[in-house]
Number of protein chains: 2
Amino acid sequence: MSNTRLLPSQSASSPPPQDKPAGAPRRASMQQIFRAAEHLFGRDGYKGTSMAAIAAGAGLPKANIHYYFGTKEDLYRAVLENILVDWLDDATLWIREDLTPREGLEGYIRAKIAFSRDRPDASRIFAHEVLQGAPHINQFLGTSLRIHVQNLDKIFTAWQRAGLMRPIPTTHLMFCIWSMTQTYADMNAQIVAVLGTPTLETQDYEDAAATITALVLGGCQLPAH
Amino acid sequence: MSNTRLLPSQSASSPPPQDKPAGAPRRASMQQIFRAAEHLFGRDGYKGTSMAAIAAGAGLPKANIHYYFGTKEDLYRAVLENILVDWLDDATLWIREDLTPREGLEGYIRAKIAFSRDRPDASRIFAHEVLQGAPHINQFLGTSLRIHVQNLDKIFTAWQRAGLMRPIPTTHLMFCIWSMTQTYADMNAQIVAVLGTPTLETQDYEDAAATITALVLGGCQLPAH
DNA sequence: GTCTATATAGCGATAGAC
DNA sequence: GTCTATCGCTATATAGAC
């Protein structure tokens, strides 16, 4: 639950006493609601998730959710915002000019695969949101994310000028890396069905990371090792 | 509207007089409903789409949809099935042992990008469905699609044995190609926002195909030209 | 702060006039 | 075959007891 302002708070109605003294029981209840909401929004999307289902998942009466978070939309925005913060972090950590393209891309891909493994619900909420045309985060995509990508492109350009990397369109490279790594969370049902396993295991994620790394490094014309 | 049986018809209730003589007005109405449904299910998903919205999109009263297609779920399954048929086609056309890996993969990637450009709604319906855990097509994924992929793997293995292709995990290669090509339909909102264009143009799809091809051919250690 | 009980709106589906 | 009117249900949201 971060305080960063990535999304405009656009609930016109009066939100309940939020960001207040925060007693221990309050914190615990909000946390439970938050966890249940992330899981259910991730599986069924915004419209597919009912407040009753979230309440049941959190082990609380329905009214408490409204007391803490106001409307369903308010709760959804809070969950979304929480996700966006974590989403941006990995890139700035790994795509840096003081690393080689191989180090950076390999680390970034592993971080993104780890995100799909450890927080699949977060990835799915983001996917649901964008799939519907990103009604809640259009501004974020056009500003914060756009600038974020422009900064990454600068690093890539520097690498390419230094002859460390083949001159491929780096914005599209990012789209490709995002889609390949996130597909292991978002399209999980398809992947386990095709592989014939009940769930993805450590080895599967290793294979995924290795394959994606091979494609990206190979496409950038960097030897795999 | 195909007759192929990819999905089990599991509506217990009595469906209205379907697959009947089919007069011209009937055909026209059903077509309009079908088009509106594909568009709206693609944007808002199954639960996010109301029968009233489909009726409005088709320019018909709500009751007519029920008359032609029975329940909302029946209509959805009909739309889904229609999509699955087209979805499988491209691979069998391009991944063939009598082609070189470069020809096959290049052609397949271009066909998949064309699908994202020409039938984005179809791609999005599939994405929505799988994202929710594939409740309607789990059997299809575990049988038809699984066998489909196993057949593709055989071609890849033959190519790899012949030394035409690097021995990377080819099932994961398929997951990667699917995700990269479909992201241009499914994550369209994100991509146009980052690129700063209102819609994706011919050149954007060209760049996408070129980038994906570079990654795949590079990762398989085949020279790009 | 917490929960029960309920108001209100929109949904899928259908009956029945035409 | 086509459409209007409506039923029954479930959803969000809240009022008010505790």
Side-chain angles (χ1 to χ4, degrees), chain A residues 10-34 36-37 40-41 43-79 128 132 135-136, chain B residues 10-34 36-37 40-41 43-80 132 135-136:
Chain A
Q10 71 179 32
S11 114
S13 62
S14 59
Q18 226 151 338
D19 303 334
K20 272 283 181 62
R26 177 193 187 81
R27 257 199 166 337
S29 289
M30 288 184 78
Q31 196 70 26
Q32 275 176 305
I33 294 168
F34 217 81
L40 291 166
F41 281 138
R43 196 185 57 193
D44 301 328
Y46 179 73
K47 287 209 72 169
T49 304
S50 72
M51 296 295 268
I54 297 174
L60 292 167
K62 219 173 42 166
N64 292 30
I65 303 180
H66 284 105
Y67 177 75
Y68 287 127
F69 288 95
T71 70
K72 181 185 181 184
E73 175 133 356
D74 290 335
L75 171 58
Y76 178 70
R77 295 186 87 89
V79 172
H128 263 120
Q132 293 194 1
H136 299 91
Chain B
Q10 69 180 30
S11 114
S13 62
S14 58
Q18 225 151 339
D19 302 333
K20 273 283 182 61
R26 178 194 187 81
R27 259 198 165 339
S29 289
M30 289 183 78
Q31 196 71 26
Q32 276 176 304
I33 293 168
F34 217 82
L40 290 167
F41 282 138
R43 196 185 56 190
D44 300 329
Y46 179 72
K47 288 209 72 169
T49 304
S50 70
M51 295 296 269
I54 297 174
L60 292 167
K62 219 171 44 165
N64 292 31
I65 304 180
H66 284 105
Y67 177 76
Y68 286 127
F69 287 96
T71 69
K72 180 185 180 182
E73 173 132 358
D74 290 335
L75 171 57
Y76 177 70
R77 296 186 87 90
V79 172
L80 245 187
Q132 292 194 1
H136 299 90

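The basis for the numbers below is simple: all heavy atoms, side chains too, and nothing from hydrogens, waters or symmetry mates. What you see is a predicted model, and the numbers here were worked out from it, not measured in a lab.
- Nearest nucleotide to the side chain of Ala63(B), out of dC3(D), dG12(C), dT12(D): dC3(D).
- Closest to the side chain of Met51(B), from the set dG12(C), dT12(D), dC3(C), is dG12(C).
- Counting non-hydrogen atoms under 4.0 angstrom, Ser29(A) reaches nothing in the nucleic acid.
- For the pair Leu75(A) CG and dT12(D) C1', the interatomic distance rounds to 13 Å; values are reported in whole Å.
- In the set dT12(D), dC3(C), dT2(C), dT12(D) carries the atom at the smallest distance from any side-chain atom of Lys72(A).
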May I have the step-by-step check of side-chain contact (heavy atoms from CB on, under 4.5 Å) for Gln132(A) and Arg43(B), ending in yes or no? CA-CA 5 Å; Gln132(A) 293 194 1; Arg43(B) 196 185 56 190; 5.6 Å; no
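- The listed nucleotides are dC11(C), dA13(C), dG1(D); the one nearest the side chain of Ser50(B) is dC11(C).
- The Leu60(B) side chain lies nearest to dC3(D) when the options are dA13(D), dC3(D), dA13(C).
- The shortest distance between the side-chain N/O atoms of Tyr67(A) and the OP1/OP2 oxygens of dT14(D) is not below 4.0 Å.
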Take Ser29(B) and Asn64(B) through the side-chain contact (heavy atoms from CB on, under 4.5 Å) test and state the conclusion after the steps. CA-CA 9 Å; Ser29(B) 289; Asn64(B) 292 31; 5.6 Å; no
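- In this structure, the nucleotide among dA13(D), dA13(C), dC3(C) sitting nearest to the side chain of Lys62(B) is dA13(C).
- Listed candidates were dT2(C), dT14(C), dG1(D). Nearest to the side chain of His66(B) is dT14(C).
- Here dC3(D) is the nucleotide among dA13(D), dG1(D), dC3(D) with the atom lying nearest to any side-chain atom of Pro61(B).
- At whole-Å resolution of the value, CD1 in Ile65(B) and P in dC11(C) are 13 Å apart.
- If you measure from atom CD of Glu73(A) to atom P of dA11(D), you get 18 Å, rounded to the nearest angstrom.
- Where Lys47(A) and Asn64(A) meet DNA chain C, the nucleotide closest to each residue was compared, and Asn64(A) sits on the side nearer the 5' end.
- With rounding to the nearest 0.5 angstrom, the OH atom of Tyr68(A) is 12.5 Å from the CD atom of Gln31(A).
- To the nearest angstrom, C1' of dG12(C) lies 17 Å from OH of Tyr76(B).
- A cation-pi geometry, defined here as NZ or CZ lying under 6.0 Å from the six-membered ring centre and within 45° of its normal, does not hold between Lys72(B) and Phe41(B).
- The distance from the CG atom of Leu75(B) to the CE atom of Met51(B) is 6.0 Å, given to the nearest 0.5 Å.
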